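A short write-up of the structure that comes next.
Indexing begins at 1, ligand by ligand and atom by atom, following the structure's order. Values below: every heavy atom of this structure, side chains too, minus hydrogens, waters and symmetry copies. Quick caveat, the model's predicted, so the values are computed rather than measured.
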Amino acid sequence: MFFTSTRSVQSVTSAAAITRGIAADGGLFVPCEFPQMTFEKLMALADMDYISRAKEVLKLYLTDYTDDELDYCVRGAYTNTFDNNDPAPLYAVNDNTQMLELWHGPTCAFKDMALQLLPFLLVKAANKTAPGRTIVILVATSGDTGKAALAGFADVPNTRIVVFFPENGVSDMQKLQMITQTGCNVSVCGIEGNFDDAQSGVKKIFTDDAIRSELDKKNMEFSSANSINFGRLVPQIVYYVSAACDLLKNGALKPGEKFNVAVPTGNFGDILAAYYAKQMGVPIDKLICASNRNKVLADFLATGVYDRNREFYTTSSPSMDILISSNLERMIFHAAGNDAGLTARLMKELAEKGRYELPKEVLAKLQSEFFGGYCDEKGTEETISELFKQYNYLADTHTAVGANVLDQYRKATGDNTLAVVASTASPYKFAASVLPALTGEAIPEDGFAQLEMLSRLSNTPIPAPLANLKGCEVLHKNCIEKENMAEFVLDFLK
Ligand SMILES: *Cc1c(COP(=O)(O)O)cnc(C)c1O
């Protein structure tokens, strides 16, 4: 299996794609074809545990890793790191809706699914393509990626990691998780700006030749732990395959039937993984793309015009407060029949004008696969309240956006097919926003008092990784202008 850039025809191994993170032309690495998984194979996986399922899926894409290497990587990532050693359980809220809970890992959000595995994949990849070099991971985060990447890479030999987050654009709990991070190879820094500023700043550093050669002299090399790295995507494909296996196994899905998938979306990585699973033969039908008030994707799927020139809102689902959705580039490339020329042209327009328009036939292809919708702040709160009152299910703000747009899809189309909603974060990570949906009582200021209150009202336990933050020392106090990100990185690497 070879990988190409979305912006020019290339042919690189998976190890090279994972080590580099982003192609030199600014494009993203994508597989040249989709490996296939037969129904018989799916049924065989249904009898295996998550680790074995993960290995079988990874094997299809990462063909330059040996069996032993993949075995080592998946065992390291998923053994004793997730509650009950069950990384992606399904929870049936009603007859035709199941929550795929992806937040039972060390940082309580779905980013752990990929970021527990990525360090293992990356270290193996670097051994193949850049032996002896130190890999410097740069991360821009809207809140959850940062902590998950830190948890995955802390004290991993031959790696350093720098995380940039929008100083005023993450939840208190998310911020506390990051600024208390220990590890001899980690650095965390707030920036004056939003996630898009952090992401653009990081991309600029990646493609700056002067900085690259500076690192080269130190025998160092940049890579990315953001979902622009293919090594982030492939572990996410696994849980959609795994969900299909579980549905077949428990009889909710019959042979020959398909299910829909609803995903609260920001950078388009999670839902793209569902699209990849579908291309491989997993019986997925409609992909429901749910945005919050920053509804650039919903507008795009309706009109074919991507326009980031609009007001940016800070919402109760901060991990989706994004106006430049990186992984959409991969989707456009595939929908256009792997057309790198077209993708490069559209991305250039996006960089220069903040806007582009899809050719009609590419839009038609996207609309045949995806339904786009959005949910505002009021809808988010109402959905959390409804899910709790009707089904005794406690959803976080992001998951609620997904459930709300699924509901809109069902009302608009009458399609009540079994649907899996990606449940992307523990409600405890966003307690301040979840609590008002459950109670009229006054909400305490203190974050830990909020956790206690949520536990009391919902009769569910506080996740240990969040409870344990209490009393942790704040180790990272930097906050810089976005223009100074490169300087900050070079300073850390001195
Ligand atoms: C990152 C994140 C999302 C959005 O996922 P994308 O892959 O960026 O679309 C949704 N919910 C939560 C809780 C997240 O952390």
Side-chain angles (χ1 to χ4, degrees), residues 28 99-115 118 139-149 151 163 165-166 169-171 173-175 177-178 195-196 198-199 224-230 232-237 239-240 261-277 287-292 294-298 300-301 315-331 370 372 374-375 380 384 395-405 421-431 433-434 463 466:
L28 307 187
M99 295 290 180
L100 178 59
E101 293 186 345
L102 303 170
W103 41 265
H104 291 283
T107 76
C108 306
F110 93 93
K111 304 297 198 292
D112 287 326
M113 300 299 298
L115 282 162
L118 183 67
V139 180
T141 184
S142 53
D144 291 325
T145 297
K147 178 61 185 185
V163 171
F165 69 92
V170 300
S171 84
M173 215 29 94
Q174 287 177 316
K175 185 168 173 180
Q177 281 186 306
M178 290 188 277
F195 170 71
D196 291 312
Q199 179 160 259
S224 168
N226 281 101
S227 54
I228 54 174
N229 193 324
F230 186 76
R232 272 279 302 275
L233 270 185
V234 64
Q236 295 182 186
I237 301 170
Y239 51 74
Y240 291 108
V261 172
V263 185
T265 296
N267 234 344
F268 212 79
D270 200 0
I271 196 164
L272 184 73
Y275 172 80
Y276 275 35
L287 298 157
I288 295 148
C289 176
S291 303
N292 67 20
N294 294 296
K295 61 182 181 66
V296 64
L297 285 170
F300 171 68
L301 287 169
T315 74
S316 59
S317 44
S319 302
M320 294 154 63
D321 290 346
I322 291 174
L323 291 180
I324 306 174
S325 195
S326 292
N327 278 292
L328 192 59
E329 175 167 353
R330 287 187 165 111
M331 191 56 235
F370 293 89
Y374 78 100
C375 169
T380 306
I384 295 172
D396 97 292
T397 46
H398 304 75
T399 307
V401 168
N404 180 294
V405 174
V421 179
S423 177
T424 51
S426 159
Y428 285 88
K429 235 178 153 168
F430 303 96
S433 304
V434 170
L466 299 180

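Those atoms of ligand 1 with a heavy atom of Asp270 less than 4.0 angstrom away are 7 (O). For ligand 1, the atoms sitting less than 4.0 Å from at least one non-hydrogen atom of Pro264 are 4 (C), 10 (C), numbered in the order shown with element in parentheses. Residue contact check: Asp144 has heavy atoms under 4.0 Å from atoms 12 (C), 13 (C), 14 (C), 15 (O) of ligand 1. Atoms of ligand 1 lying under 4.0 Å from any heavy atom of Phe110, numbered from 1 in the order shown and given with element: 1 (C), 2 (C), 3 (C), 5 (O), 7 (O), 14 (C).
Side-chain atoms of Asp112 and Pro106, non-hydrogen and from C-beta on, do get closer than 4.5 Å to each other. Between Val296 and Ser325, every side-chain heavy-atom pair lies at or beyond the 4.5 Å cut-off.
When non-hydrogen atoms are compared, ligand 1 lies under 4.0 Å from the backbone of Phe268 (N, CA, C, O) but not from its side chain. With a heavy-atom cut-off of 4.0 Å, Thr265 touches ligand 1 through backbone and side chain alike.
Counting only heavy atoms of the protein, atom 11 (N) of ligand 1 lies nearest to Thr424 OG1, 2.9 Å. Regarding atom 9 (O) of ligand 1, its nearest protein heavy-atom neighbour is Gly266 N, 2.8 Å.
Geometrically, ligand 1 and Asn267 share a nitrogen or oxygen pair separated by less than 3.5 Å. Among the atoms of Gly269, some N or O lies under 3.5 angstrom from an N or O of ligand 1. At under 3.5 Å, not a single nitrogen or oxygen of Ala425, backbone or side chain, sits near a nitrogen or oxygen of ligand 1.
Of the candidates Asn267, Leu297, Val401, Met320 forms a side chain to side chain contact (heavy atoms under 4.5 Å, CB included) with just one, namely Val401. Phe268 pairs with exactly one of Phe300, Tyr275, Tyr276, Phe370 by the ring-ring contact (aromatic ring centres under 6.0 Å, His included) rule, that one being Phe370.
Between the side chains of Gln177 and Thr107, no donor N or O sits under 3.5 Å from an acceptor N or O. With no hydrogens or angles considered, no side-chain donor-acceptor pair links Thr141 and Gln174 at under 3.5 Å. For the residue pair Asn327 / Arg330, a side-chain donor-acceptor distance below 3.5 Å is found, with atom types taken as modelled.
Contact between Ser227 and ligand 1 is absent, with no heavy atom of the residue lying under 4.0 Å from the ligand.
Considering only non-hydrogen atoms, atom 14 (C) of ligand 1 lies nearest to Lys111 out of Arg232, Gln236, Lys111.
Contacts of Asp144 classified as salt bridge (Lys or Arg N to Asp or Glu O under 4.0 Å), with partners at least two apart in sequence or in another chain: Lys429.
Without hydrogens or angle criteria, Asp321 side chain to Thr315 main chain gives a donor-acceptor distance under 3.5 Å.
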